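This report refers to the structure that appears directly beneath it.
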Amino acid sequence: MAEKVIFEKGYYEVDPARMQHYVKQTVMNDAECRRIIKCRTMYLEWMLNHFSDGVPAPPEEE
C-alpha cells in the first residue's frame, strides 16, 4: 500500500494531513463518501459494459 494511505470504514483514502499541502480538505460524512463511491462504481460498470469487448489474454511466455 502507498505511503500515507488509510483504510477506514471500508474504503481507502489519502491521509488528510498529507493532502492539506496540496488542497484544502472538505469534511464529508460517511453517507456522502458512500454515495460518491457508489456513483463511481456505477460509472465504471457502465463504461465496461459499453466499451469493453472482453478481457485480453495475458501475453505468451517467451
Side-chain angles (χ1 to χ4, degrees):
M1 186 174 353
E3 178 184 339
K4 305 285 185 172
V5 173
I6 301 169
F7 183 75
E8 186 174 304
K9 300 173 190 163
Y11 52 87
Y12 293 96
E13 67 175 315
V14 176
D15 183 7
R18 182 176 183 203
M19 289 301 294
Q20 290 294 332
H21 177 73
Y22 302 103
V23 64
K24 184 176 179 182
Q25 293 290 290
T26 302
V27 177
M28 291 190 303
N29 60 28
D30 290 337
E32 187 68 13
C33 288
R34 285 191 301 271
R35 185 188 70 78
I36 292 170
I37 292 168
K38 179 183 173 187
C39 289
R40 288 179 179 176
T41 302
M42 288 170 52
Y43 172 74
L44 290 173
E45 288 173 353
W46 183 88
M47 290 293 286
L48 178 67
N49 291 333
H50 285 80
F51 298 106
S52 174
D53 294 331
V55 178
E60 296 286 330
E61 293 292 325
E62 293 184 17

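We number each residue from 1, following the sequence as shown. The analysis underlying the following values was restricted to heavy atoms, covering all of them including side chains, and did not include hydrogens, waters or symmetry mates. Since we're looking at a predicted model, the values are computed, not measured.
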Should V5 and F7 be counted in the same cluster of Ile, Leu, Val, Met, Phe, Trp and Tyr side chains packed under 4.5 Å apart?
yes
Close side-chain approach of E32 to N29, heavy-atom, < 4.5 Å
yes
Any chance you could measure T41, atom OG1, to I36, atom CD1, to the nearest 0.5 Å?
11.5 Å
Summary of ring pair (Phe, Tyr, Trp, His ring centres under 6.0 Å) pairs that have at least one residue in residues 23-48, sequence neighbours excluded:
W46-H50, W46-F51
